[in-house]
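Below is one structure, written out as structure tokens; the observations come after it.
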Amino acid sequence: MITYDHIMVRFGELSTKGKNKKDFINALAINIKNALKEYTDLTFDVRYDHIYIGLNGTDYKPVMDRLTEISGIHALSLVHKCEKDIEVIKEHALELFKLETGKTFKIVTKRSDKAYPLISDQINRLVATHLFKNVPDIKVDVHNPEIELGIEIRAEAAYIFASTVEGAGGYPLGVGGKTMHLLSGGIDSPVAAYLMIKRGIQIECIHYASPPYTQMAVIYKLEDLLKKLNRYQPRIRLHIIPFTKIQEAIYDNAPECYCITIMRRMMYRLAARLAKRRHCPIISSGESLGQVASQTLQSINVINEVTNMPVIRPLACSDKLDIIKISKKIDTYDISIRPYEDCCTIFTPKNPKTQPKLEEVVEYEKKFDYDTLINEALGNIEVKIIDSSGEDLL
Ligand code: ATP
Ligand code: MG
């Protein structure tokens, strides 16, 4: 029986060429094979502009669904692979056409095999004529067809397909290097992490924990969040940094309204140090402009002053409803809204400064030896590896 037997993976328009493109494709192929390893009958044909996945009887639906989550894939089509002989193409196109429903159609041929004896337009016409001869009451509609049959003539074979679905886009994970990502238990930071991963950037996460003010439940929550992100990055390192002593020192030495600003400066000092140690050239976070007192431009300026390492804030200009939409899509929303005590929520001052002054902040920070506290915290990090197998491999 003539049927769809492969999935064609397209990369889209890549700005990368030469060796970069090779690295891109290799990384993508590894990520795809890894994500699909439970489907043991699949075969992979990795080429310069597409990857073809042979189904060999595997149900295409779950495979396609999984592929739409992998960054670096522009589009996916369920395709039928056949010989390039025009008679074979006509016959197989007809059989595949019969599987579709609709009366109006269009044939779109692409010919990357320039040695092929027929040009695209001739192939379109020959196939359309064959359909007219064999299927009653059908009509060509070039603008809005119910059925669009694609034919690609390539060096090794011809591929015929009737539908294309959008992929996740972005770049394959691993090609963009690594970021040190600040992960709270809220809605925003997991979404920001996902957007970084989508760009091909691997994440390592930092969480600042303040026991006994914050509970172990927060850590379980983070593990659950990261397990969701494991679909996009199979192995994520989480650094849990003890933050209690630093927070207490801040509250002992600065007025309440300045505590959040100074606390966030400490977070970035720690993050920059750990990022360097872990070979991450950037830091990222879930901050969104204007959401809370610490996210006004003046606050961000004063907070960011502690490091010259770039801080990427993928959600800087997103509004909350859009962020929530993404968190629902990646299934982190329900975990994020579980009630929990965060180190930020516990010490929330009544009137945090929205326009903190750097000179004042610096004066308060001089009152305690935060360097020693930072070194101590960095020496007591707990590391968890969250792996897609669901296990916690310390
Ligand atoms: P989120 O929903 O991600 O918690 P938020 O809107 O609650 O964000 P804040 O609590 O001000 O905003 O935090 C801003 C960002 O700072 C977070 O998105 C996260 O990147 C980082 N952050 C906050 N608290 C922590 C923490 N305890 N550990 C690590 N990072 C944190
Ligand atoms: Mg928060």
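The model shown is predicted, which means the values in this text are computed figures rather than measured ones. Start at 1 and go down the list; that is how both ligands and their atoms are numbered. These values consider heavy atoms only, across backbone and side chains, with no hydrogens, waters or symmetry-generated copies.
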- In terms of ring plane angle, is the pair Y258 and Y364 parallel, tilted or perpendicular, where the classes change at 30° and 60°? tilted
- Message: On the six-membered ring of Y52, is R47 placed so that its NZ or CZ lies under 6.0 angstrom from the centre and within 45° of the ring axis?
- Response: no
- Task: Please answer whether the main-chain N or O of I330 pairs with a side-chain N or O of Y194 as donor and acceptor at a distance below 3.5 Å.
- Result: no
- Task: Check S285, S336, S184 against S189 for a side chain to side chain donor-acceptor pair (under 3.5 Å) and give me the one that passes.
- Result: S184
- Contacting atoms of ligand 1, where contact means under 4.0 angstrom from a heavy atom of I206: 29 (C)
- Query: Are K84 and Y116 in a cation-pi contact, defined as NZ or CZ under 6.0 Å from the six-membered ring centre and within 45° of the axis?
  - Reply: no
- Query: What about G185: any of its N or O atoms under 3.5 Å from an N or O on ligand 1?
  - Reply: no
- Classify the angle between the aromatic ring planes of F24 and Y171 as parallel (below 30°), tilted (30 to 60°) or perpendicular (above 60°). perpendicular
- Message: Below 3.5 Å, N or O to N or O, backbone or side chain included: is there any such pair between G286 and ligand 1?
- Response: yes
- Message: Which option wins on minimum heavy-atom distance to atom 29 (C) of ligand 1: I260, I303, L183, I337?
- Response: L183
- Find all atoms of ligand 1 within a distance of less than 4.0 Å from any non-hydrogen atom belonging to S285, and give their numbers and elements. 20 (O)
- Check each of V311, D188, V218 against atom 5 (P) of ligand 1 and report the one with the nearest heavy atom. D188
- For ligand 1, which atoms sit closer than 4.0 Å to a heavy atom of E287? 14 (C), 15 (C), 18 (O)
- Query: Is the distance between the ring centroids of F132 and F105 under 6.0 Å?
  - Reply: yes
- Message: Is it the case that atom NZ in K114 sees more than 12 heavy atoms from other parts of the structure closer than 6.0 Å?
- Response: yes
- Task: With heavy atoms of G186 as the reference, note each atom of ligand 1 found under 4.0 Å away.
- Result: 1 (P), 2 (O), 4 (O)
- Message: If you count heavy atoms of other groups shown closer than 6.0 angstrom to NZ of K276, is the number above 12?
- Response: no
- Atoms of ligand 1, numbered as shown, that sit under 4.0 Å from any heavy atom of I187: 2 (O)
- ligand 1 atoms nearer than 4.0 angstrom to some heavy atom of R264 are 11 (O), 13 (O), 14 (C), 15 (C), 16 (O), 21 (C), 23 (C)
- Message: Under 3.5 Å between any N/O of Q295 and any N/O of ligand 1: does that happen in this structure?
- Response: yes
- Among L182, I240, L315, closest by any non-hydrogen atom to atom 19 (C) of ligand 1: L182
- Task: May I ask which of H239, H181, H207 has a heavy atom nearer to atom 26 (C) of ligand 1 than the others do?
- Result: H207
